[in-house]
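Have a look at the structure below before the remarks.
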Amino acid sequence: MIVEVIVDVSAYPIDRPFDYVVPEELETLVERGSRVHVPFGPRKVQGFITNIKEQTDLDISKLKAIHSIIDVEPVMTEELLQLSKWLTNKTLCYEIDALQVMLPAALRATYKKNIKLVDSSALDADFLALFGKKEVVSYEAIEKAGLLRAMKKYLSDGAVQLETVIKQHAKAKTIAKYKVTADKEFIVEQLNSLTKQAVKQKELIEWLLKQEQTSFTMKQLTELANATNSTVKAILEKGILEKETEEVYREITSLDYQDIDKRFELTDEQTEALTKINHAQEYAENTTFLLHGITGSGKTEIYLNAIEHSIVNGKQAIMLVPEISLTPQMTRRFKLRFGDQVAVMHSGLSIGEKYDEWRKIWRGEVKVVVGARSAIFAPFKDLGIIILDEEHESTYKQDDNPRYHARDVAIWRGEYHQCPVILGSATPSLESYARASKGVYSLLKLKMRAKEQALPTVNVVDMRAELKNGNRSMFSVDLADAVRDKLEKKEQIVLFLNKRGFSSFVLCRDCGTVVECKQCDISLTYHRAGEQLKCHYCGHEEPVPTKCPECNSEHIRFFGTGTQKVEEEIAKLFPYARVLRMDVDTTRAKGAHERILKQFGDGEADILLGTQMIAKGLDFPNITLVGVLNADTTLHLADFRAAEKTFQLMTQVSGRAGRHDKEGQVYIQTYTPEHYAIELSKSQLYEPFYHTEMLTRKQYGYPPFYYLTLVQVTHENVLLASEYAKLATDWLRANLSSTTMVVGPTASAISKIQNRYRYQCLIKYKKEPLLIEKLQQLIKMYRTDWIKKGVILTIDLDPSTII
DNA sequence: AGCACGCCGACT
DNA sequence: GTCGGCGTGCTC
């Protein structure tokens with residue numbers, strides 16, 4: 001028997017199956033999708049069996065044999081094996097990376113180098129001392145002792161050997177259980193034959209005889225029966241108790257919210273949407289629904305009901321959220337509704353915890369997984385529904401290999417299982433809404449807020465006017481007044497500081513003009529070196545103007561704001577306010593998000609100051625004021641999605657205010673109040689925004705009218721980076737269809753990261769059947785030649801950002 | 001990728 | 001002479 005194995009080596013020439021012989025004693029154990037250990041060159045690596053066959057094209061005597069099989073049952077289902085092939089081709093990654101990404105980190109191997117003693121007589125005393133009584137010693141220990149040189153010599157002499165040990169992370173947590181297995185007569189007999197000194201043993205045996213249960217932990221025995229370690233041990237030896245280790249799941253502790261599951265009565269709109277979804281479930285229709293519901297329209301309640309329907313039919317469900325540790329409130333609702341049937345998967349869990357949750361899914365012990373991006377690979381065998389909440393979020397796209405989008409995987413799995421996929425959002429991505437308009441997705445709309453609250457009043461504050469009136473602070477007079485008012489009323493305030501974009505732009509503080517590229521409709525990026533403005537789409541360059549091209553004002557300069565500065569200003573303006581800060585710095589620790597949110601929810605602070613991350617899922621009754629300090633930062637990102645992102649962010653942020661009985665107020669500060677993304681987000685006018693934005697996208701050839709692929713070339717040397725970027729661009733231009741546009745090469749917006757210069761080329765196409773094939777050829781050229789010169793080439797199909 | 005093999009300069 | 005530098009080539 002021969003198996004094809006994809007080995008755990010991420011390198012171009014290794015990215016194909018390798019054939020191995022299966023030793024006879026393992027033949028009954030091999031299955032597609034199981035992990036194996038195999039010899040590979042001089043070392044030993046982990047791999048996946050992807051095929052079983054009887055014949056090989058190679059000389060069978062040259063084949064090596066599998067070393068061992070790790071899994072009794074395969075970790076990859078047949079479906080996931082197929083999915084990995086699709087993923088490999090779709091994202092142009094190594095097959096091994098596609099396989100690994102579907103498993104929890106605990107099932108990925110790590111490798112350790114050990115030195116094994118062969119002939120101790122050939123070693124000098126220093127070296128031999130390292131071994132002590134052991135046969136092997138770790139490579140690190142030798143390195144630490146500074147004996148690497150000696151080791152190399154002994155290696156070539158054959159006095160020691162190098163061996164690679166594959167370390168497994170996956171450890172099930174176990175506890176020891178003590179069980180009464182002997183029959184009663186035997187126990188009584190043992191009891192009577194105890195010596196008189198054995199008082200404690202006598203007590204324990206008598207206690208055990210009185211108990212109904214027969215299995216105890218050591219903790220129970222010491223606490224309840226007042227036994228000690230040695231007494232238990234003595235009884236164990238007599239055969240009265242038997243020790244067994246039992247697997248347990250790690251307990252995931254979360255903060256305790258004293259809550260009960262509230263079922264809301266559905267509105268007519270909600271019922272209608274749910275009926276359509278459930279109909280698709282009943283008839284196994286593989287429909288993708290776009291659930292477009294304004295903030296507070298009760299999308300979560302629909303998700304809960306649809307999933308419940310799935311469970312009742314004996315099927316499973318995947319519920320994806322952008323990043324779950326940010327939305328503890330969402331998880332809580334699922335836990336409350338479905339209890340033990342829910343597994344939770346997010347980055348806040350330890351490797352062991354993730355492994356436990358994964359096993360619950362794999363064993364079919366849970367019916368629902370609520371999780372971030374990678375939960376889309378949950379090894380369920382009979383999916384009834386897949387849901388992506390906030391489908392427009394860019395966190396669904398992984399930004400390193402494999403560069404997959406969870407939405408694409410969801411649709412693939414929906415097709416495989418013949419089940420509906422739901423994409424939910426208050427502000428759908430333009431791609432999804434366009435597909436819904438064309439009838440590719442089925443559109444479901446929720447236009448009303450579930451509890452009939454009014455939308456918050458949104459005030460757009462013109463910061464140009466503030467400047468004219470001599471207010472140079474970051475708080476406009478109106479916002480400052482509102483904050484003071486809410487502080488007095490003991491209501492809560494959320495202040496939102498747009499993260500400073502990766503790139504900076506130049507803005508006129510008098511008229512709000514931002515200098516843009518005339519060909520690409522993208523803000524020009526400010527480069528300090530040479531005081532230049534550059535377009536990283538087409539390469540256009542111009543000097544930084546000293547006067548505003550629109551109004552001739554001299555108040556034109558590059559724009560950006562720091563978090564500390566805001567905190568200082570708050571302290572100055574509102575000295576009595578209690579402020580909680582939530583950004584990357586304050587949320588690094590495990591569970592920090594949840595803690596900060598709980599503190600705020602419990603009323604321990606008046607103001608929550610934060611970045612991007614507070615825009616989602618925050619739902620507290622006492623928040624009545626939301627302030628956006630600088631709406632312009634996202635608006636002028638050097639990215640064609642800048643307006644879309646701004647609209648989404650403004651809408652989400654506004655949605656945080658007044659979700660309950662109290663009326664909400666929102667202040668948005670900006671230098672460009674007339675911009676449609678800001679203007680239209682005031683009343684959550686999604687459709688007008690969609691149509692306006694679509695015109696721009698069409699005019700400049702961006703998605704959803706064109707697909708994009710980003711090819712990036714980096715090198716330590718500027719000249720080589722640009723030279724190879726040009727080679728790649730020219731080659732693509734020559735080899736792709738004439739209808740495809742190949743733009744560039746240009747310097748990336750961040751022109752240098754970690755001492756590597758970055759150049760890029762953008763491919764725009766409506767239909768390009770040759771694309772994958774040609775990109776694969778390009779990769780081949782790169783791997784065989786360029787890589788030796790230190791060039792790194794990355795390809796991102798449907799990039800989430802082109803910065 | 002990671003390891004062995006092999007072919008040349010700088011030392012004991 | 002030998003140690004050890006890294007260029008080259010292979011991994012079922």
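Every heavy atom of this structure was used, including side-chain atoms; hydrogens, water molecules and symmetry mates were not. Residue numbers begin at 1 in each chain, while the letters A, B, ... track the order of the sequences. Treat the numbers as computed from the prediction; the structure is a model and nothing was measured.
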How about A/Tyr396 and A/Tyr404: are their ring centres within less than 6.0 Å of each other? no

Got a sec? Which of residues 31-38 of chain A come in under 4.0 Å of DNA chain C, heavy atoms? none

Hey, are A/Arg407 and A/Glu391 close enough for a salt bridge, meaning a charged N less than 4.0 Å from a carboxylate O? yes

Salt bridge present between A/Asp798 and A/Arg403 (N-O < 4.0 angstrom):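 No salt bridge links A/Asp798 with A/Arg403.
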
Quick one: do A/Glu135 and A/Lys116 satisfy salt bridge (Lys or Arg N to Asp or Glu O under 4.0 Å)? Show the steps, please. CA-CA 6 Å; A/Glu135 281 275 292; A/Lys116 198 173 158 192; over 6 Å; no

For A/Tyr154 and A/Phe127, what are the C-alpha separation, side-chain angles and deciding distance, and is it a ring pair (Phe, Tyr, Trp, His ring centres under 6.0 Å)? CA-CA 10 Å; A/Tyr154 293 137; A/Phe127 201 84; 4.9 Å; yes

Could you walk me through whether A/Tyr249 and A/Glu365 pass the side-chain hydrogen bond (donor to acceptor under 3.5 Å, both in side chains) test, one step at a time? CA-CA 12 Å; A/Tyr249 290 125; A/Glu365 292 169 6; 2.5 Å; yes

Are A/Ile792 and A/Gln712 side-chain neighbours, meaning at least one heavy-atom pair lies under 4.5 Å?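 Heavy-atom side-chain distance check fails, nothing below 4.5 Å.
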
In terms of the angle between their ring planes, are A/Phe40 and A/Phe18 parallel, tilted or perpendicular, with boundaries placed at 30° and 60°?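 Perpendicular: the ring planes of A/Phe40 and A/Phe18 meet at over 60°.
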
Report yes or no: does A/Arg641 contribute a side-chain atom to a donor-acceptor pair with the main-chain N or O of A/Thr801 at less than 3.5 Å? no

Keeping A/Arg108 on the side-chain end and A/Leu103 on the backbone end, is there a donor-acceptor pair under 3.5 Å? yes

Protein-proximity profile, nucleotides 1-7 of chain B, B/S/- by nucleotide at the 4.0 Å heavy-atom cutoff, equals BSS----

Start and end of the DNA chain C segment that chain A contacts, any atom under 4.0 Å from a heavy atom: C/dG4 to C/dC12

